[in-house]
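All remarks here apply to the structure that follows.
Residue indices begin at 1 and follow the sequence shown. The model shown is predicted, which means the values in this text are computed figures rather than measured ones.
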Amino acid sequence: MNKQTPFKRFKDVILYIVFTLFLIFLTSSFVIEDVYSAADQLSMEEHGISDVYSIAVGMEPANLTINADTTDEDQKTTEIKTDDGTTIVITEYALGDTNDEILEYQQILYSLGFLISQPSNQITEEVQTAIKTYQAMKGLEQSGKLDRSTIISLVAEDIKFEKGDSGKVLQTYQQILVAQKYLAAEAATGTFDDATETAVKAFQKANGLTETGKMDAKTIKALDALR
C-alpha cells in the first residue's frame, strides 16, 4: 500500500484549489463578455414617460414606444406609437406660441387652480408663470414651457368635481350651468350640492355624455367650450 506523506497531500489539495479557481475564472470571463455584449444591444427608450402617458390614453405601457424628433422650426415633437399602428404626437410649446392644443392644456391648468384668467390658445407671461408653478408642484423642471413631461403630466390629471367639493373654480362652472339654464342663479355658491348634481346630469344628458352627476374631464371640457 502506498502511503502519501502529509506534504504530498497538502500539495495535491493546493493544486486542486488552483485548478478549480482557474476554471471558475475562465467560465466567468465568458459570462461577463456575454453580459456586456447584450448590454450594447439594448436601446435606451424612455419607458418611464410611456408608462405615464399610457395611463392617460388607456393602453398598456408595453404597447407604447417613444421617438423624439425636431421640426425645421425647432419645435420639439414626440411620437408615441402603439402596437396597433396608432401614432400619438406630442408637440411642445413655449412663450408666445399659439395653438388650439395650448387652449386645452390651459383649461386643465385653470381647472386645477393654477391659472386665474380665462384659458386662451396662446402662452402669455401669465400662463408661463402658471406652468412654472404647476411644474414646481409636480417636481418637474421649471422651464415655463409646455414640454413633453409637463404635457404628459397634465393629460394624466384626473380632474373632476363631485358632491361635497367647493371652490372658486367650481363656482365658475356653476355659473356656466346657470347661463345655460341648467342651474338656478342662487345655487352657484361654489359648493357642489344636490342641485348642482342634478344640473350636471341634465347637462351631460343633453351633450351625449355619461350621466354620472360629476364634473369629470369630459364634462369640464364641454363646459369650457361654452365660456
Side-chain angles (χ1 to χ4, degrees), residues 42-161 169 172-173 176 207-209 215-227:
L42 293 177
S43 59
M44 300 301 290
E45 292 183 305
E46 301 178 42
H47 293 292
I49 293 177
S50 63
D51 287 353
V52 173
Y53 199 87
S54 67
I55 296 173
V57 300
M59 298 176 181
E60 292 295 330
N63 293 337
L64 295 173
T65 55
I66 292 181
N67 297 317
D69 193 11
T70 304
T71 65
D72 294 336
E73 298 178 356
D74 199 29
Q75 188 177 50
K76 294 182 179 179
T77 63
T78 299
E79 289 186 356
I80 297 181
K81 295 184 179 180
T82 65
D83 283 348
D84 61 4
T86 303
T87 300
I88 303 169
V89 179
I90 299 177
T91 303
E92 300 183 5
Y93 301 99
L95 180 64
D97 287 344
T98 303
N99 192 282
D100 289 340
E101 284 188 354
I102 295 176
L103 173 60
E104 295 184 8
Y105 300 137
Q106 286 193 34
Q107 287 171 338
I108 297 174
L109 288 170
Y110 183 84
S111 299
L112 292 172
F114 289 95
L115 187 62
I116 298 176
S117 62
Q118 294 294 322
S120 68
N121 64 350
Q122 184 178 28
I123 297 184
T124 62
E125 291 185 357
E126 180 184 353
V127 174
Q128 185 183 55
T129 300
I131 294 172
K132 285 183 177 181
T133 304
Y134 175 82
Q135 290 169 331
M137 291 290 291
K138 294 294 181 177
L140 303 172
E141 179 185 356
Q142 299 175 43
S143 62
K145 301 178 182 179
L146 284 171
D147 52 31
R148 181 176 56 195
S149 298
T150 303
I151 288 173
I152 291 174
S153 180
L154 286 171
V155 171
E157 292 286 358
D158 183 19
I159 306 168
K160 65 180 178 181
F161 296 105
V169 175
T172 300
Y173 289 116
I176 296 175
N207 288 271
L209 302 172
M215 288 187 188
D216 51 26
K218 291 183 178 180
T219 304
I220 289 174
K221 184 176 181 179
L223 288 169
D224 281 332
L226 300 173
R227 291 180 183 279

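Within 6.0 Å of the CD1 atom in I116, the count of heavy atoms belonging to other residues, nucleotides or ligands does not exceed 12.
Rounded to the nearest 0.5 angstrom, N207 CG and L223 CG are separated by 8.0 Å. To the nearest 0.5 angstrom, E101 atom CD is 9.5 Å from I90 atom CD1. Distance check: L95 CG to T124 OG1 gives 7.5 Å after rounding to the nearest 0.5 Å. The CD atom of Q128 sits 7.0 Å away from the CD1 atom of I131 when rounded to the nearest 0.5 Å.
Counting only distance, with no hydrogens or angles, the side chain of S153 and the backbone of S149 share no donor-acceptor pair below 3.5 Å.
Applying the ring-ring contact (aromatic ring centres under 6.0 Å, His included) criterion to F161, with sequence neighbours excluded, gives no partner residue. Among residues two or more places apart in sequence or in another chain, the salt bridge (charged side-chain N to carboxylate O under 4.0 Å, His left out) test is passed with D216 by none. Considering only residues two or more places apart in sequence or on other chains, E141 meets the side-chain hydrogen bond (donor to acceptor under 3.5 Å, both in side chains) condition with none of them. For S117, the side-chain hydrogen bond (donor to acceptor under 3.5 Å, both in side chains) partners two or more places apart in sequence, or in a different chain, are E126. In this view, K138 and E157 satisfy the side-chain hydrogen bond (donor to acceptor under 3.5 Å, both in side chains) rule, not counting sequence neighbours.
Residues L115 and V127 are in side-chain contact: their nearest non-hydrogen atoms beyond the backbone lie under 4.5 Å apart. By the 4.5 Å heavy-atom criterion applied to side chains, K160 and M215 are not counted as neighbours. Side-chain contact between Y134 and L154 is present, with heavy atoms from C-beta onward closer than 4.5 Å. Using a 4.5 Å cut-off on side-chain heavy atoms (C-beta onward), I151 and D147 make no contact.
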Discussion item. Show, in sequence, the C-alpha distance, side-chain angles and deciding distance for N121 and N99, and conclude whether the side-chain contact (heavy atoms from CB on, under 4.5 Å) test is met.
Written reply: CA-CA 5 Å; N121 64 350; N99 192 282; over 6 Å; no
Worksheet entry | Candidate pair Y110 and L112, rule side-chain contact (heavy atoms from CB on, under 4.5 Å), full reasoning | CA-CA 5 Å; Y110 183 84; L112 292 172; over 6 Å; no
Could you give the side-chain donor-acceptor pairs of residues 102-109 under 3.5 Å, partners two or more places apart or in another chain?
| unit_1 | atom_1 | unit_2 | atom_2 | d |
| --- | --- | --- | --- | --- |
| Q106 | OE1 | S120 | N | 2.9 |
| Q106 | NE2 | S120 | O | 3.1 |
| Q106 | NE2 | Q122 | O | 2.6 |

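Between T219 and Y173, the side chains place no donor N or O within less than 3.5 Å of an acceptor N or O (distance only, hydrogens not considered).
Closest heavy-atom contact between Q135 and T150: NE2-OG1, 2.9 Å. S111 and V169 make their closest contact through O-CG1, 3.7 Å (heavy atoms, listed as atom of the first residue, atom of the second, distance). Closest of all the heavy-atom pairs between T91 and Y93 is O-CE1, 3.2 Å. Across all non-hydrogen atoms, the minimal contact from K132 to G144 is CG-CA, 3.4 Å.
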